[in-house]
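Have a look at the structure below, then the notes.
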Amino acid sequence: MSTERESLVAVAFEAARSAYAPYSQFPVGAALQFDDGSVVTGANVENASYGLSLCAETVALAKAMNEGRRGGLVAIAVAGKDETPIMPCGRCRQMLSEMAQLGHTDPVVWSGTGDDAVEVRLSSLLPLAFGPDSLDA
Ligand code: THU
């Protein structure tokens, strides 16, 4: 496993400590790496109305957008309860794709550690993605 991948996955694990997940007992952390070297993290936020819960990736994405970021997303790490890899849900793939498309990047998505580690491109998780440019058609 590359050092870069190891360290971003470790940041995602650390971020999971901030999760509010009393219903699922499944804390998740996400770490978004930008091309200026900065990292924005998020953790899932659940709600007594279960369906309203926010995933870690969406929380991180919203934080980054609110910091004024509009592109430059180069890597995404996701960490769950243990070292088993987990990939972003469908909604989060779409949310993350917005930032990727704004900056014309195709971020690598990392999860898990050791032999189980997964490395894929966001475009392969969400092929033929709808995005900002689609509205111009
Ligand atoms: N969850 C995430 O935060 N990210 C994922 O990639 C998968 C699922 C959260 C949603 C919910 O709070 C908990 O994990 C169990 O589904």
Side-chain angles (χ1 to χ4, degrees):
M1 178 184 277
S2 75
T3 304
E4 208 183 345
R5 180 164 58 183
E6 269 173 19
S7 60
L8 199 63
V9 168
V11 172
F13 267 115
E14 182 62 27
R17 291 161 57 89
S18 299
Y20 174 67
Y23 306 108
S24 70
Q25 297 290 326
F26 192 82
V28 180
L32 309 183
Q33 171 99 57
F34 289 85
D35 58 6
D36 62 359
S38 60
V39 175
V40 178
T41 62
N44 50 338
V45 178
E46 297 186 345
N47 191 276
S49 179
Y50 301 157
L52 300 181
S53 299
L54 300 174
C55 290
E57 298 92 322
T58 288
V59 171
L61 190 277
K63 284 172 66 182
M65 283 285 187
N66 273 197
E67 288 179 3
R69 294 162 199 272
R70 299 289 186 269
L73 181 59
V74 293
I76 299 159
V78 187
K81 267 186 137 168
D82 54 26
E83 295 182 356
T84 307
I86 56 169
M87 287 287 112
C89 77
R91 181 176 190 269
C92 288
R93 293 175 194 202
Q94 182 67 34
M95 294 297 286
L96 293 164
S97 178
E98 181 87 8
M99 186 72 88
Q101 291 187 55
L102 287 174
H104 306 287
T105 61
D106 187 8
V108 63
V109 182
W110 288 320
S111 190
T113 57
D115 291 343
D116 286 340
V118 172
E119 174 175 315
V120 288
R121 290 281 164 184
L122 183 60
S123 63
S124 69
L125 294 179
L126 190 68
L128 304 174
F130 185 84
D133 292 344
S134 309
L135 297 173
D136 296 333

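In each ligand, atom 1 is the first atom listed, and ligand 1 is the first ligand listed. Since we're looking at a predicted model, the values are computed, not measured.
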Point to revise | Test item: Met87 and Val120 side chains (from C-beta on) under 4.5 Å apart, heavy atoms | key: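 The answer is yes; the side chains approach within 4.5 Å.
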Exercise for review: Show your working on side chain to side chain contact (heavy atoms under 4.5 Å, CB included) between Phe34 and Leu73 and close with a plain yes or no.
Suggested key: CA-CA 5 Å; Phe34 289 85; Leu73 181 59; 4.1 Å; yes
Practice item. In sequence, state the C-alpha distance, the side-chain angles, and the governing distance for Asn47 and Ser49, and then conclude on side-chain hydrogen bond (donor to acceptor under 3.5 Å, both in side chains). Key: CA-CA 5 Å; Asn47 191 276; Ser49 179; 4.6 Å; no
Point to revise | Any donor-acceptor pair under 3.5 Å from Arg70 side chain to Met65 backbone | key: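 Such a contact is found between Arg70 side chain and Met65 backbone.
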Exercise for review: Below 4.0 Å from any atom of ligand 1, which residues have a heavy atom? Give them in chain and number order, please.
Suggested key: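 For ligand 1, the contacting residues are Ser24, Phe26, Val28, Asn44, Glu46, Cys55, Ala56, Glu57, Met87, Pro88, Cys89.
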Exercise for review: Measure the spacing between CD of Glu83 and CG of Asp115 and express it to the nearest 0.5 Å.
Suggested key: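 Rounded to the nearest 0.5 Å, the CD-CG separation comes out at 10.5 Å.
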Review point. Rounded to the nearest 0.5 Å, what separation is found between the NZ atom of Lys81 and the CD atom of Gln25?
Key: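 It is 6.5 Å, given to the nearest 0.5 Å.
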